Protein chains: 2
Amino acid sequence: MPDALRQFKAEIFQALAHPTRIAIVELLREGEVSAGAIVERLGLEQANASQHLAVLRTKQVVSYRKEGNQVFYSVRHPLLLEVLEIMRQYFHAHLTESLTMLNEMSQQVPVVEGDKR
Amino acid sequence: MPDALRQFKAEIFQALAHPTRIAIVELLREGEVSAGAIVERLGLEQANASQHLAVLRTKQVVSYRKEGNQVFYSVRHPLLLEVLEIMRQYFHAHLTESLTMLNEMSQQVPVVEGDKR
DNA sequence: TTCGTATATTCTATAAATCGAATATACGAA
DNA sequence: TTCGTATATTCGATTTATAGAATATACGAA
């Protein structure tokens, strides 16, 4: 694979490599959300949110639309949401795996079954 | 979504947020590859490769198996390869989009059709 | 024009990632 | 044990990312 393509992919991953930005993109699953609503619903500082949005814009993860005073953001391509969806599956698989291992390591103290917090 | 989950996802993305590590993971699509073979086939410095492998190990992207002198790496979960596959599709969609836009912007100089380099 | 709201940018300090060089460890063979 | 190969780790320098504070810009309303 050409190096430019790897570079491109790396930049997308990097754009997603921060909990706040993941939260933003997942919020945008619903559709367009204004910058202000993002700030409010995620409880972010305005400047900080704006910086993270700048990263997402620069790396082409989101697009935006100005309407009067406000700026509405949306995810640029549904495939990116699919990536997050797979990560969700991966997390689930990963967690299951870990629990299974724990179970095998300590048969006498089942982790999954008695898990009533 | 709980913050721990976002943190987890962010770490996976970060593990993939480097061209060299993407190259490594894509090389591992074939199956197990030794550290030495990774170094050789990607033309990396030994220490540098080892550092990137450490990142992939730490973030749970790869697993490894020691056999005598060598260490064989493999991707820990097929879902992670699926993520890369989607990125490939995204890249293609993205590229197509850009070319279409270029085309629309300069009708008199078609970009796609006359592209014989 | 002036004011107020929404958003972006710049600045500074701090933390984290990256690289190459050097060194360390693990292991099989002699 | 000593040697050689494969791999990992540590170190120091440089770059990049991040947060918060302060400031700037854009735009609609008065």
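Lettering of chains follows the sequences in order, A, B, ..., and the numbering in each one begins at 1. What you are looking at is a predicted structure, and each value in this text was computed from that prediction instead of being measured.
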Exercise. Please indicate whether Phe72(A) has more than 12 foreign heavy atoms, meaning atoms of other residues, nucleotides or ligands, lying under 6.0 Å from its CZ.
Key: yes
Quiz prompt | Whole angstrom value for the distance that separates C1' of dG28(D) from CD of Gln70(A) | solution = 11 Å
Self-check item: G-U wobble or Watson-Crick pairing nucleotide for dT7(D) (cut-off 3.5 Å, both distances)
Solution: dA24(C)
Practice problem: Quickly work out the Leu44(B) CG to dA8(D) C1' distance and round it to whole Å. | Solution: 15 Å
Practice problem: Nearest whole angstrom, please: distance from the P of dA17(C) to the CZ of Phe13(B). | Solution: 17 Å
Exercise. Provide, to the nearest angstrom, the distance between the CG atom belonging to Leu16(B) and the C1' atom belonging to dA17(C).
Key: 15 Å
Quiz item: Is it the case that one hydrophobic cluster holds both Leu79(A) and Phe8(A), taking links as side-chain heavy atoms less than 4.5 Å apart, direct or via other members?
Solution: yes
Quiz item: Less than 4.5 Å apart, any side-chain heavy atom of Tyr73(A) and any of Ile24(A)?
Solution: no
Quiz item: Roughly, in whole Å, what's the span from CD1 in Ile24(A) to P in dT7(C)?
Solution: 13 Å
Self-check item: Touch class at under 4.0 angstrom, heavy-atom based, for Tyr64(A) against every strand present
Solution: nothing
Quiz prompt | For dA29(D), the Watson-Crick or wobble counterpart (both distances under 3.5 Å) | solution = dT2(C)
Quiz prompt | Atom pair distance, as rounded to whole Å: CD1 in Ile22(B) and P in dT18(C) | solution = 12 Å
Quiz item: So does Tyr73(B) get a side-chain nitrogen or oxygen closer than 4.0 Å to the phosphate oxygens (OP1/OP2) of dA8(D)?
Solution: yes
Quiz item: Paired with dC11(C): which nucleotide, if any, by Watson-Crick or G-U wobble criteria at under 3.5 Å for both distances?
Solution: dG20(D)
Exercise. Ignoring the backbone of Asn69(B), work out which of dG4(D), dA8(C), dA8(D) is nearest its side chain.
Key: dG4(D)
Quiz item: Is any side-chain nitrogen or oxygen of Arg65(A) closer than 4.0 Å to OP1 or OP2 of dT7(C)?
Solution: no
Quiz prompt | Where protein sits on nucleotides 13-23 of chain D, one letter per nucleotide: B base, S sugar-phosphate only, - none, heavy atoms under 4.0 Å | solution = ----SSBBBB-
Practice problem: Taking all non-hydrogen atoms of both residues into account, name the closest pair between Ala15(A) and Val55(A) and its distance. | Solution: CA-CG1, 4.2 Å
Quiz prompt | Atom-pair distance (CG on Leu53(A); P on dT25(D)), nearest Å | solution = 20 Å
Quiz item: dA13(D) pairs with which nucleotide, Watson-Crick or G-U wobble, both distances below 3.5 Å?
Solution: dT18(C)
